[in-house]
Amino acid sequence: MKRLDREEKAEYTLTAQVIDRDSNQPLEPPSEFIIKVQDINDNPPQFIEGPYKGSVPEMSQVGASVTRVTASDADDPVYGNSAKLVYSILEGQPYFSIDQTTAIIRVALAGMDREMREEYLVVIQAKDMGGHMGGLSGTTTVTVTLTDINDNPPKFTKGSYEFHIPEDLGIGKPGGRVKANDRDIGENAKSTYTIIGGDERDVFEIVTDAQTQEGILRLKKPLDFESKEFYNLTVVATNIRADSITGGPYMDQATIKVVVQDSDEPPVFTKPSYLFDVHENAAINTVIGAVAARDQDATHSQVRYFIDRHTDLERQFNINVDDGKITLAKPLDRETDMWHNITVTATEVHNHSQISRAIVAIKVLDINDNAPEFATEYEAFLCENGKPGQVIQTISAVDKDNPSQGHTFHYRLEMLNNPNFTIKNNLDNSISVLAKHDSFRRQKQETYLLPIVVTDDGEPPMSSTNTLTIRVCGCSREGIVQSCNVEAFVLPIGLSMGALIAILACIILLLVIVVLFVTLRRHKNEPLIIKDDEDVRENIIRYDDEGGGEEDTEAFDIATLQNPDGINGYLPRKDIKPDLQFMPRQGQHSGPNGVDVDEFINVRLHEADNDPTAPPYDSIQIYGYEGRGSIAGSLSSLETASSDSDQNYDYLREWGPRFRRLGELYSVGESDKET
């Protein structure tokens, strides 16, 4: 009834039964019929996963596998040859071949070079019916890429290079670049550079730039044009990876000629450092030593010498700018500075920027110019009950000088026949002071001063007189000092500890009273009227003081202008009787952040201009307060009992032209009044 398609349904199962037409009753049990659809070749082969990509190393042998393709046929593979496929190459010969049955693509041509051609497009056909006539077919494409192998050596762009490098080029700085190209790619194209000849002094090195694969020639040691003007180097570029065919790395060789250019170099000292010595008693302008430097350039410029004064802040030394002789400028003292380290600079005459430096160490040699003295400030104690010959103090001396054979000191008493004391040499550069008798008493003499002369054995000998202070004290039987004050044996005329404490307390009390008095004086100078911090009139200047003008706001006390009756409200004017009652304004207070005087004045000016009861002239309304109980009373003439006609203003004309007009305004005749 319909067209059959085995690929959609290969088998049908039918159920049939014979039924009586009249009674519609079955005449037999149901029977099944299986109908199988027989296949015909009506579906072509298809490459489901196509198009394909494959790769194979360049220079591969014939038969090397590239990739495998797979085609499928929807026809029945069991019945007939409708699904039997055969593969063939339509395009891509003679480079590749394909197995008809397995569909494996292989290399068919040896020696394929990636550098010549890297990519190939191969067309594969799959045909059913075993490839016979009448079979259906399908095609796909395979892109085959040849992968790189290291089959090309690096090659320098030139056989020889020449670089001109200045002799003052810094260590590690590049002097030139070489490049060896490699037709391979990736790791197979990477090379390293090596110097194999011409660098006997190990002056140069060559490294590879990882980004550009160039060889960078750098300095390992300084160049010197005067010693060698050029170098001939042999450089080799070698592949990092070994050759896959020969097993050894590829390489190429080139020569580099380095020409050293002469540069203006600083002078060179004969030695990097100098050591001189001088006696500390050397005279001014004594020659201590000389330094020397030479210009190594071909010009052989003259050299000038200087001392870096940062290393000789006291200007102890001078140097001759022409011959480098160092002389003494100030006297030396070994005991102050034993060593002086200065820096000497050498500069070319024609190029002051070329400077070299050398360290000069000057050792100050000692002479015997210091007298020995006591090692410390001695204070000896002598017991009253001591026996004659008792050791009072052991004394040693020191000397700032430092003789090579060491110190030897000699001691003697300034008074050779001292009746009270004597000395004993301890044979170790020290002496012991001894008492001659036992009759020392504090009541008789409390302190003894014993001058002792100490002399060294230098050339010439130096000596000094040092005084030993010996105090007579009371001691216990064991010889322990208990009291050295003579006050214990005289009348107690001194002050006791309690008296000292009482005096100290009185002094402290007096200081407190003085502080309180000063504080009260400061508070008394403050104004009696308490100013409100928010009073907007704090910058109004007091008019009974001429002051320094309107900008002087420090020499006035604003409290004198304040009316205690009108601080918190409006104070009506008393000099006029307005016809219209004007509502009094409320007192304005400044905000928490202080007073805006400008805004306050503008508001008061606006209110005065719009107040119909205000006089037509300028008037400060609130600030006319004169204080309570004034004998003069109000200065205003608006409320006086006398009229204008009772006043005589003729005297105003005698005050000058400025008041003449004012007198005319107030001196009005009867005719003017009637008018």
Side-chain angles (χ1 to χ4, degrees), residues 279-282 331-338 364-490 494:
H279 286 89
E280 61 178 328
N281 64 339
L332 297 173
D333 186 5
R334 189 203 67 85
E335 288 70 38
T336 302
D337 287 310
M338 183 177 179
V364 182
L365 301 179
D366 186 41
I367 63 170
N368 190 32
D369 59 344
N370 290 278
E373 57 187 12
F374 281 175
T376 183
E377 290 286 340
Y378 292 105
E379 185 177 8
F381 299 95
L382 173 63
C383 292
E384 288 181 314
N385 56 353
K387 297 180 180 179
Q390 64 172 327
V391 177
I392 302 173
Q393 182 71 48
T394 300
I395 295 176
S396 60
V398 293
D399 194 330
K400 294 181 180 179
D401 296 322
N402 187 21
S404 58
Q405 68 276 11
H407 290 290
T408 301
F409 300 124
H410 306 281
Y411 302 86
R412 63 179 178 84
L413 295 179
E414 191 176 52
M415 180 185 294
L416 296 180
N417 296 319
N418 191 297
N420 298 314
F421 306 99
T422 186
I423 58 174
K424 173 186 175 184
N425 191 350
N426 296 328
L427 303 178
D428 58 354
N429 275 344
S430 68
I431 59 171
S432 297
V433 179
L434 309 177
K436 281 188 173 183
H437 55 82
D438 58 355
S439 60
F440 296 99
R441 295 293 180 269
R442 281 177 288 174
Q443 297 86 345
K444 180 180 179 182
Q445 186 173 346
E446 180 185 7
T447 304
Y448 292 87
L449 299 179
L450 181 64
I452 301 176
V453 180
V454 185
T455 307
D456 59 19
D457 58 350
E459 185 62 36
M462 302 291 292
S463 63
S464 66
T465 301
N466 301 263
T467 301
L468 175 65
T469 301
I470 303 175
R471 299 184 63 185
V472 180
C473 303
C475 302
S476 62
R477 294 181 179 179
E478 292 79 12
I480 300 175
V481 176
Q482 291 181 337
S483 175
C484 297
N485 296 325
V486 69
E487 287 82 359
F489 295 89
V490 298

| query | Hey, what do you get for Cys475 versus Cys383: SG atoms under 2.5 Å apart or not? | reply | yes
| said: One pair to check against salt bridge (charged side-chain N to carboxylate O under 4.0 Å, His left out): Arg441 and Glu384. What are the steps and the verdict? | reply: CA-CA 6 Å; Arg441 295 293 180 269; Glu384 288 181 314; 5.2 Å; no
| said: For the NZ atom on Lys436, are there more than 12 heavy atoms of other groups (residues, nucleotides or ligands in this structure) within a distance under 6.0 Å? | reply: yes
Where the side chain of [X] meets the backbone of [Y], is there a donor-acceptor pair that is under 3.5 Å apart?
X	Y	value
Asn368	Pro460	yes
His437	Ser439	yes
Tyr378	Ser396	yes
Glu280	Arg334	yes

Closest approach of [X] to [Y] (non-hydrogen atoms, all atoms of both residues):
X	Y	result
Ala371	Met462	CA-CB, 3.7 Å
Gly389	Leu434	O-CD2, 3.7 Å
Val481	Cys473	CG1-CB, 3.7 Å
Ser432	Val391	CB-CG1, 4.0 Å
Asp369	Asp333	OD2-OD1, 4.4 Å
Asp401	Glu335	OD1-OE2, 2.9 Å

What distance separates [X] [atom1] from [Y] [atom2], expressed to the nearest 0.5 Å?
X	Y	atom1	atom2	result
Gln393	Ile431	CD	CD1	10.0 Å
Leu449	Thr467	CG	OG1	6.5 Å
Phe381	Ile392	CZ	CD1	12.0 Å
Asp456	Phe409	CG	CZ	6.5 Å
Lys424	Asn426	NZ	CG	6.5 Å

| request: Evaluate the criterion side-chain contact (heavy atoms from CB on, under 4.5 Å) for residue pair Val454 and Glu373; output intermediate values, then yes/no. | output: CA-CA 7 Å; Val454 185; Glu373 57 187 12; over 6 Å; no
| request: Run the numbers on Val433 and Leu468 for side-chain contact (heavy atoms from CB on, under 4.5 Å), then give the verdict. | output: CA-CA 10 Å; Val433 179; Leu468 175 65; 3.8 Å; yes
Hey, does [Y] have a side-chain heavy atom less than 4.5 Å from the side chain of [X]?
X	Y	result
Ile395	Phe374	yes
Asn418	Leu450	yes
Arg471	Leu382	no
Leu365	Ile367	no

| request: Quick one: do Ile423 and Leu413 satisfy side-chain contact (heavy atoms from CB on, under 4.5 Å)? Show the steps, please. | output: CA-CA 8 Å; Ile423 58 174; Leu413 295 179; 3.6 Å; yes
| request: May I have all residue pairs that pass ring pair (Phe, Tyr, Trp, His ring centres under 6.0 Å) and include part of residues 446-480, sequence neighbours excluded? | output: Phe421-Tyr448, Phe440-Tyr448
| Electrostatic pair Lys387-Asp438, nearest N-O below 4.0 angstrom |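 Here Lys387 does not pair with Asp438 in a salt bridge, since their nearest N and O are not under 4.0 Å apart.
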| task | Give the intermediate values and the outcome of side-chain hydrogen bond (donor to acceptor under 3.5 Å, both in side chains) for residues Asn429 and Thr408. | result | CA-CA 6 Å; Asn429 275 344; Thr408 301; 4.9 Å; no
